[in-house]
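What's counted below: heavy atoms across the whole structure, side chains too, no hydrogens, waters or symmetry copies. Numbered from 1 within each chain, the chains take letters A, B, ... in sequence-line order.
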Number of protein chains: 2
Amino acid sequence: MASRRETRIATLSDALSARRVVHLREAAALLGVSEMTVRRDVADNPGLFGYLGGHIVPAAGIESDAPYELARAADSHAGAKRQACFHAARHIRPDETIFIDCGTTLEYLVELIPDDYAITAICYSLNTAERLARKANLRMVMLGGVYHPSSASFSGAPGIETLDQLGINVAFLSAAGIDLARGATCVHFHEVPVKQKVISLARENYLVADSSKLGKLKAAFFAPPGAFRSLITEDGETALAGDLMSVP
Amino acid sequence: MASRRETRIATLSDALSARRVVHLREAAALLGVSEMTVRRDVADNPGLFGYLGGHIVPAAGIESDAPYELARAADSHAGAKRQACFHAARHIRPDETIFIDCGTTLEYLVELIPDDYAITAICYSLNTAERLARKANLRMVMLGGVYHPSSASFSGAPGIETLDQLGINVAFLSAAGIDLARGATCVHFHEVPVKQKVISLARENYLVADSSKLGKLKAAFFAPPGAFRSLITEDGETALAGDLMSVP
DNA sequence: GCTATGTTGTGATATTTCTCACAGAATAAC
DNA sequence: GTTATTCTGTGAGAAATATCACAACATAGC
């Protein structure tokens with residue numbers, strides 16, 4: 001039989017998987033015990049719960065061990081990526097439809113969409129979708145398909161066909177490798193059909209990446225340099241189409 | 001050019017991807033500014049940073065206030081729903097493909113899928129997808145489309161067409177109203193085409209809901225009682241179709 | 001130079017959270 | 001039944017965090 005305490009631990013565990021954070025006060029109300037008891041439950045289960053200034057959070061280790069999350073945690077270019085997105089956001093205009101590629105880089109772009117712009121955003125990454133879902137005054141279209149944990153994105157023919165029904169004003173593409181002669185490459189082949197279809201449909205295409213990607217070449221080629229209006233890094237924007245300029 | 005503040009945001013962003021949480025005091029020391037300034041930086045970037053009792057955390061870790069999340073937080077039937085899913089999970093068999101409907105009820109089912117079963121799971125709810133993404137040894141297929149914040153799910157023709165490419169062994173459907181004469185109804189019309197298509201394709205359909213849904217009738221009708229093998233509530237399983245017997 | 005605008009630091013005060021000891025309640029053992 | 005043990009709630013003081021107004025500083029434009 002489950003003891004009172006075990007029942008509480010289980011309930012609290014459930015609450016934490018539903019919401020990532022539960023306040024001590026809420027937890028006490030939810031479990032029908034005093035705050036002191038919740039404190040003790042949490043303190044006695046350091047492998048299960050973490051504690052942060054009045055709030056209960058999942059223990060550091062268990063929250064997520066998906067490959068994509070691990071990659072993000074080890075990312076040392078987060079600042080540069082954010083900065084690149086800051087420059088990219090200049091191309092977002094009210095009432096338009098934008099496409100946001102998958103990958104850690106463009107996740108930062110979501111927060112930079114002004115709340116009063118009534119944007120329609122298209123994505124195919126689970127993480128980007130989560131962020132878009134939290135934005136107010138924004139319509140989201142997601143391309144579904146089979147899930148790929150390595151990039152937290154989806155692929156498949158129906159998702160790509162969805163694009164035929166959409167008008168894309170601005171597309172923000174990301175790449176793991178950017179070679180000035182060869183063009184843009186990524187790691188995962190399943191992303192290629194989506195990227196290529198988007199590039200062919202969108203009015204304006206921008207390649208967004210931190211400068212550590214410059215000069216690199218990855219397995220999956222998806223577009224030549226001329227496919228993009230410009231390359232946007234943390235240092236700003238560089239034209240790629242038309243009159244080519246050198247990249248620092 | 002990057003302003004002082006932007007530089008700080010970027011540095012803080014980097015620090016947060018290296019470590020999950022950074023204390024206000026550490027952040028102030030790291031950035032070489034006062035705690036008050038860090039507070040302001042964090043408060044002015046709610047999409048980027050979260051704030052939890054003196055600690056700065058990545059925004060993803062913060063609870064959202066989307067309508068769907070609020071509904072879940074206020075849910076008084078969580079225990080019954082979990083119990084119903086416990087019964088439903090008996091119908092999950094190794095190496096098969098299951099469909100998981102949207103709604104709070106069936107989110108609990110995800111945690112009950114055994115890790116060694118190599119299941120393929122189909123879903124069209126963002127919350128269910130997040131949970132499925134955290135499971136190991138599981139393939140996920142998501143039906144995309146236009147996002148509906150009210151139910152955190154997607155709708156659209158391409159998503160429904162995806163179903164034609166899939167073989168579904170077991171489908172778990174949820175309903176907001178179950179009338180023994182009329183059948184199953186839900187609140188949001190956009191869910192109806194998905195549900196109906198799934199019911200027509202799956203080998204076994206189960207209706208999963210807590211008993212508070214019994215006798216209720218909602219706006220969007222999607223299936224008569226005979227469409228399901230059985231109704232599964234927190235009290236167990238009740239045959240609805242064929243010559244099955246009631247299972248307490 | 002000057003002003004206008006925005007940013008940052010300080011300190012006082014209010015609020016919240018933390019710790020601890022002890023008493024009362026529940027449970028298990030006998 | 002009794003005793004022993006564990007669990008739980010309360011309250012008070014200590015510590016930490018939050019909020020606010022205002023002054024000091026920086027920056028851009030003129």
Side-chain angles (χ1 to χ4, degrees), chain A residues 1-16 19-60 79 82-83 85-87 89-90 108 111-112 114-116 234-236, chain B residues 1-16 19-65 73 79:
Chain A
M1 245 307 76
S3 73
R4 288 252 162 81
R5 183 169 232 208
E6 281 164 14
T7 310
R8 287 202 309 266
I9 304 289
T11 308
L12 193 52
S13 250
D14 277 337
L16 273 180
R19 303 209 275 127
R20 286 237 182 86
V21 185
V22 176
H23 194 277
L24 185 66
R25 236 193 315 280
E26 295 177 84
L30 173 72
L31 303 175
V33 294
S34 72
E35 296 185 11
M36 191 68 231
T37 301
V38 181
R39 269 180 208 279
R40 281 192 269 243
D41 285 348
V42 171
D44 293 346
N45 290 277
L48 224 45
F49 308 117
Y51 199 57
L52 224 53
H55 305 259
I56 303 160
V57 297
R82 206 204 74 90
Q83 193 61 35
C85 284
F86 182 80
H87 293 124
R90 287 185 350 105
Y108 297 104
E111 323 300 345
L112 300 170
D115 281 333
D116 57 344
E234 69 271 27
D235 300 317
Chain B
M1 250 305 86
S3 73
R4 287 250 163 81
R5 181 168 238 213
E6 281 162 18
T7 310
R8 289 201 309 267
I9 303 289
T11 309
L12 195 51
S13 223
D14 276 336
L16 272 181
R19 305 208 279 120
R20 286 203 98 87
V21 295
V22 176
H23 193 278
L24 184 66
R25 233 192 317 280
E26 295 176 81
L30 172 71
L31 302 174
V33 294
S34 72
E35 296 185 13
M36 189 70 231
T37 301
V38 181
R39 269 179 207 279
R40 280 192 269 242
D41 285 349
V42 171
D44 292 347
N45 291 276
L48 220 47
F49 307 117
Y51 199 54
L52 228 51
H55 305 260
I56 303 158
V57 298
I62 306 202
E63 58 190 284
S64 97
D65 52 352

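Residues A/Ser34 and A/Ala28 approach most closely at C-CB, 4.0 Å, considering heavy atoms. The minimum heavy-atom distance linking A/Arg8 with A/Thr37 is given by the pair NH2-CG2, 3.4 Å. Between A/Ile56 and A/Ala27 the shortest heavy-atom distance is CD1-CB, 3.8 Å. B/Val57 and B/Tyr51 make their closest contact through CG2-N, 4.4 Å (heavy atoms, listed as atom of the first residue, atom of the second, distance).
Note on the helix from C/dG1-D/dC30 to C/dC30-D/dG1: angle between the axes of the first and last five pairs equals 40°, rounded to 10 degrees.
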**Study point:** Test log, rule side-chain contact (heavy atoms from CB on, under 4.5 Å), inputs B/Val38 and B/Arg25
**Key:** CA-CA 9 Å; B/Val38 181; B/Arg25 233 192 317 280; over 6 Å; no

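Atom NE2 in B/His23 sits 7.5 Å away from atom CD in B/Glu35 (nearest 0.5 Å).
Looking at residues two or more places apart in sequence or on another chain, you find a side-chain contact (heavy atoms from CB on, under 4.5 Å) between A/Arg90 and A/Glu237.
The CZ atom of A/Arg8 sits 12 Å away from the C1' atom of D/dG9 (whole-angstrom rounding). Spacing between atom CZ of B/Arg40 and atom P of D/dC25 amounts to 16 Å, rounded to whole angstrom units.
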What are the atom names and distances for every N/O pair under 3.5 Å that joins the protein to nucleotides 13-20 of chain D?
{"residue": "D/dT17", "atom": "OP1", "partner": "B/His23", "partner atom": "NE2", "Å": "2.5"}
{"residue": "D/dT17", "atom": "OP2", "partner": "B/Arg25", "partner atom": "NH1", "Å": "3.2"}
{"residue": "D/dA18", "atom": "OP2", "partner": "B/Arg39", "partner atom": "NH1", "Å": "2.5"}
{"residue": "D/dA18", "atom": "OP2", "partner": "B/Arg39", "partner atom": "NH2", "Å": "3.1"}
{"residue": "D/dA18", "atom": "OP2", "partner": "B/Tyr51", "partner atom": "OH", "Å": "2.6"}
{"residue": "D/dA18", "atom": "O5'", "partner": "B/Arg39", "partner atom": "NH1", "Å": "3.3"}

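Phosphate proximity of D/dG9 to A/Ser34: present, with a side-chain N or O under 4.0 Å from OP1 or OP2.
Side-chain contact between B/Ile9 and A/Gln83 is absent, with no heavy-atom pair separated by less than 4.5 Å.
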